[in-house]
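For reference, the structure is listed below as structure tokens.
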Amino acid sequence: MPNMREMPYAEAFAGTLFSPGRGKPEFLVGPNGKGAERRFEVYRNNVSVGLVNALASMFPATQRIVGEEFFRAMARRYVRDHPPRSRLLVEYGQDLATFIAGFKPLAGMPWLADVAKIERAWLDAYHAADAAPLVGEELAAIPENRLVDTILVAHPAARLVRSRHAAVTIFSVNRREGEVGAIETDIAEDALITRPHLDVAIRILPAGGAVFLETLFSGHPLGEAAAAALAECPTFDLGANIAGMIEAGALADIRQ
Amino acid sequence: MSTKSVITTAFVAGALASALSAGSAFVTATGAAAADQEKCYGVALKGQNDCAAGAHSCQGQSTMDFDPDSFKLVPAGTCLSMDMGKPSLKPMNG
């Protein structure tokens, strides 16, 4: 193992923290020069349990779906393979959905990764910057000849999660109290997650809606977003989708 | 974008006019109200000392936690009551 002169303290410490086979950092000693192996194992365990508990709080529907025992065992594996990269615990679990998608024991639930994506997006929306959502009057005030080229700025909390499965329904019923009955999981559901004021809300988008919003959110003008949506879905209703994104609070500003 | 030409000012203006008078095309998820109540997620997240809770032996679990070959569990939650992806007769996305 590299010594401290070659590796900063935190890096050497963290390196062993998530690799039990490597014992404790060489430079760590107990009081009066005693060994610190057991103390370090206690610390290592607390870090693991703390992160697993954080994941359980962030992904309650995912945990409910697979059961607590399975979730915690899977989460321990995730913690080992994906240690935190941020000091903020609330940032943790950004790639849990990707991990789930590749986790063989869950191959029978191809929709679970999308449910986890929605749960993470829910938390992102919750902690996003506050901003006043754009209202219909502001859109109405845009000169007609500028409309096609108008760029609409996404609200900081707005998130899209596209799914080929009924991820929003599965998320919703598992975040509620009460029984979870049979669900047709193969119906595609694209989710729009917003938090215009204090409360996070989630909506299912109509066909073409996700492409429309994706195009807008990536900074393309309204006309291009409408064209992209119509290209994917000829029955795309621009008026109803504009009404929907305003009502959901998905936009923050107009850039002309 | 080549398709841009098909989107006319009149088309967008008409859509906007209808948007300001008509309803949303987005379906609010039925669980949204429940999710709204869960404001505390993330706020109270912090590292926890599991030893203090006496949940298990402090150091004993650490190597097991990380054992890559120990995963033998099968899911046992609400997934057992949900339809696991049978082919659907309904059209995709309405």
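All values reported here derive from a predicted model rather than from experimental measurement. In the text below, chain A, chain B and the rest are named by the order of the sequence lines, each starting its count at 1.
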Thr9(B) side chain to Asn145(A) side chain, donor-acceptor N/O pair below 3.5 angstrom: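 Short answer, no.
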
If you look at every heavy atom in Ser18(B) and Gly239(A), which pair is closest and at what distance?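 Looking at all heavy atoms of both residues, the closest pair is OG-CA, 3.6 Å.
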
If contact means a heavy atom pair closer than 4.5 Å, which residues of residues 137-144 of chain A contact chain B?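 The list, in residue order, reads Leu139(A), Ala140(A), Glu144(A).
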
Stepwise, does the side-chain contact (heavy atoms from CB on, under 4.5 Å) test hold for Leu16(B) with Ile242(A)? CA-CA 7 Å; Leu16(B) 180 58; Ile242(A) 291 174; 4.0 Å; yes

Name all residues meeting the ring pair (Phe, Tyr, Trp, His ring centres under 6.0 Å) criterion together with Phe71(A); count only those two or more places apart in sequence or in a different chain, and write none if there are none.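 Ring pair (Phe, Tyr, Trp, His ring centres under 6.0 Å) check on Phe71(A) returns nothing, list empty.
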
Which value, rounded to the nearest 0.5 Å, describes the distance between [X] atom [atom1] and [Y] atom [atom2]?
X         : Y         : atom1 : atom2 : value
Thr78(B)  : Ile170(A) : OG1   : CD1   : 9.0 Å
Phe70(A)  : Cys79(B)  : CZ    : SG    : 8.5 Å
Glu247(A) : Thr28(B)  : CD    : OG1   : 5.5 Å
Leu230(A) : Ile7(B)   : CG    : CD1   : 5.0 Å
Phe26(B)  : Ile204(A) : CZ    : CD1   : 12.0 Å
Met82(B)  : Leu112(A) : CE    : CG    : 8.0 Å

With sequence neighbours excluded, what pairs up with Arg64(A) under the side-chain hydrogen bond (donor to acceptor under 3.5 Å, both in side chains) test?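 With sequence neighbours excluded, Arg64(A) shows a side-chain hydrogen bond (donor to acceptor under 3.5 Å, both in side chains) to no residue whatsoever.
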
With Ser218(A), which residues qualify under side-chain hydrogen bond (donor to acceptor under 3.5 Å, both in side chains), at least two apart?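 By the side-chain hydrogen bond (donor to acceptor under 3.5 Å, both in side chains) rule, Ser218(A) matches His220(A).
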
Could you check whether any side-chain heavy atom of Leu222(A) comes within less than 4.5 Å of a side-chain heavy atom of Val12(B), counting everything from C-beta outward? yes

Check: Pro75(B) and Ile65(A) side chains under 4.5 Å, non-hydrogen atoms: no

Do other residues, nucleotides or ligands put more than 12 heavy atoms under 6.0 Å from the CD atom of Glu232(A)? yes

Take a 6.0 Å sphere around OH of Tyr43(A) and say whether it holds more than 12 heavy atoms from other residues, nucleotides or ligands.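 Result for OH/Tyr43(A): open.
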
Option that, when pairs with chain B are counted at under 4.5 Å, heavy atom only, ranks first among Ala248(A), Pro110(A), Ala240(A), Gly67(A): Ala240(A)

Go through Val52(A), Val66(A), Ile246(A) and name the one with the most non-hydrogen pairs under 4.5 angstrom from chain B.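 Most pairs with chain B among the choices: Val66(A).
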
Given heavy-atom pairs under 4.5 angstrom as the criterion, report whether the side chain, backbone, both or neither of Leu88(A) touches chain B.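 For Leu88(A), no heavy atom lies under 4.5 Å from chain B.
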
